[in-house]
Protein chains: 2
Amino acid sequence: MKPSYTRIKDYLIEQIEQGAFAPGDRIPAENTLAKEFGVSRMTANKAIRDLVHQGMLMRRTGSGTYVVELKAESSLFEIKNIADEIRARGGVHSSDVNRLEEVRALGDVAIFLGVQTGSRVFYSEIVHRENGVKIQLERRHVNPRLAPDYLEQDFESQTPNAILVARYPVTDVEHSVEAVHPSPQEAALLDISEREACLKVIRRSWSGELLISYTQLLHPGSRYKLNARFHTGSL
Amino acid sequence: MKPSYTRIKDYLIEQIEQGAFAPGDRIPAENTLAKEFGVSRMTANKAIRDLVHQGMLMRRTGSGTYVVELKAESSLFEIKNIADEIRARGGVHSSDVNRLEEVRALGDVAIFLGVQTGSRVFYSEIVHRENGVKIQLERRHVNPRLAPDYLEQDFESQTPNAILVARYPVTDVEHSVEAVHPSPQEAALLDISEREACLKVIRRSWSGELLISYTQLLHPGSRYKLNARFHTGSL
DNA sequence: TAGTGGTCTAGACCACCCC
DNA sequence: GGGTGGTCTAGACCACTAA
């Protein structure tokens, strides 16, 4: 038998998801809910308390219990691709494929991709725009064994990330983040000054033991901010 | 008049901090605590529930309530303090306490700390050095209710982070990262040019639902890089 | 002043864990 | 079987908010 507070929780969640209780709205009082569901006030209290704890509701003594306003928390460090991230913010994503070819892995790239220096790897270079504004230069090296047809994909309609993630479940990601100034080439690609501070993110992703890709992301400092939130506790 | 469940909470926190209840230990049962403190079981329950929610205790139905094992820092983006980070690299950490005072929370600070605009909060401003080189300007606002003696700590021997983490298990962290140029004041504090790209990290940390601190970290781009690795899969 | 959440009581029954 | 937490009741008093 399910605890009876779950009936109240489920009801509230449903109303909120359907929009019957919109963000900022006040929900029925503890006493009201208790009466309607035929339980004691402490039981209604537990249902509400759980949802407050979950971040869905907030309470004000003497005033009422309210549906929390949407938190604008955008993408974290997770494997979300930039197109989704932009759409989630309500923006329009577009991109230009600048280069798409097979290259020889040299230096850092070979080391980080874990292949022999000089071996052939796939390379894509794409500029991503949010509402027409260039916000990311993505340069990606892909292990060709894992995605033999990588170069034949349609990158105008899908991002490289989406293509790879669809095929290989990403189990590990490593990031390094630093502030740099762009090279003249990079500045030109992003239409910014060489003087502008940029956020450079280097990402390596694995599927199990396999290193899938090595990616450099360059963002104009004035146009982009990274967000990440972690929950590490036991609740 | 303080609610009576706080007496039980305070007692438990004290015992845990003093080591009387060590990680992994079972604490007295709800009934026992209720009897000893002369309250009803529901009241003892609320005290325990709060500490579970805060991540300090964990419960097992039918077995008991246990002190949570301290999770050593996950190697993520986490709560590692910069002194440990530097030492882990084999470097020598030192720091200068630049400011240490009570200030009024204004604007962003009040919003992000979740306190009333104009209310008093603790503020510390510290420059951290690795092998003598300045690599981080740390500006931290602390919720005074959570650490009333914050300003009396010895920040030359401990970092603010270490002090706070020792007291409150951090369950949630939120970061935002961007590339910026330093203000003239910031440049002076870090001995860098105003032209240098800097990594600006804003971090908020929670213990359960309590917002502990709001911290701004500024790093010279040429001297610092952030690293993070996540394991996300089931593989 | 009426309504709301915050706290509290003194019981109760149950499922679960461990002995 | 005895102890533990999970849930639940039917009341209660209080501080705070809003009208």
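In what follows, chains are A, B, ... by sequence order, proteins preceding strands, each numbered from 1. The shown structure was predicted, so the numbers you read here are calculated from the model rather than taken from an experiment.
Taking the nucleotide of DNA chain D with the nearest heavy atom to each of A:Val39 and B:Asn31, the more 5' of the two is matched to B:Asn31.
Taking the side chain to side chain donor-acceptor pair (under 3.5 Å) definition, one finds that A:Tyr5 meets it with nothing, sequence neighbours left out. Every side chain to side chain donor-acceptor pair (under 3.5 Å) that A:Arg129 has, sequence neighbours left out, goes to A:Ser94, A:Asp96. Residues passing the side chain to side chain contact (heavy atoms under 4.5 Å, CB included) test with A:Glu196 are A:Ile192, A:Pro220, A:Ser222, sequence neighbours excluded. When the side chain to side chain donor-acceptor pair (under 3.5 Å) test is applied to A:Arg41, the partners found at least two apart in sequence or on another chain are A:Glu30. Scanning for side chain to side chain contact (heavy atoms under 4.5 Å, CB included) contacts around B:Gln136 gives B:Ile82, B:His128, B:Glu138, B:Leu217, B:His219, with sequence neighbours left out. Here B:Ser183 pairs with B:Gln185, B:Glu186 under the side chain to side chain donor-acceptor pair (under 3.5 Å) rule; sequence neighbours left out.
Between the two ends of the helix from C:dT1-D:dA18 to C:dC18-D:dG1, each summarised by a five-pair axis, the helix axis turns through 10° (rounded to 10 degrees).
Applying the side-chain hydrogen bond (donor to acceptor under 3.5 Å, both in side chains) definition to pairs two or more places apart or across chains, those involving residues 31-40 of chain B are B:Ser40-B:Thr43. Sorted pairs that involve residues 13-36 of chain A and meet ring pair (Phe, Tyr, Trp, His ring centres under 6.0 Å), not counting sequence neighbours, are lacking altogether.
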Could you list, one pair per line, each protein nitrogen or oxygen that sits under 3.5 Å from a nitrogen or oxygen of nucleotides 14-19 of chain D, together with the distance?
{"residue": "D:dT17", "atom": "O4'", "partner": "A:Gly62", "partner atom": "O", "Å": "3.3"}

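Remark: A:Arg60 qualifies as a cation-pi partner of A:Tyr66 under the 6.0 Å distance and 45° angle criteria applied to the six-membered ring.
Across every non-hydrogen atom of A:Leu218 and A:Cys198, the tightest pair is CD1-CB, 3.9 Å. Closest approach of B:Ala44 to B:Leu33, counting heavy atoms only: CB-CB, 4.3 Å. Minimum heavy-atom separation, B:Val177 to A:Leu199: O-CD2, 3.6 Å.
Listed by residue number, the members of residues 40-48 of chain A with any heavy atom below 4.0 angstrom from DNA chain D are A:Ser40, A:Arg41, A:Met42, A:Thr43, A:Lys46.
Of all nucleotides in DNA chain C, those with any atom nearer than 4.0 Å to a heavy atom of chain B start and finish, going 5' to 3', at C:dT7 to C:dC17.
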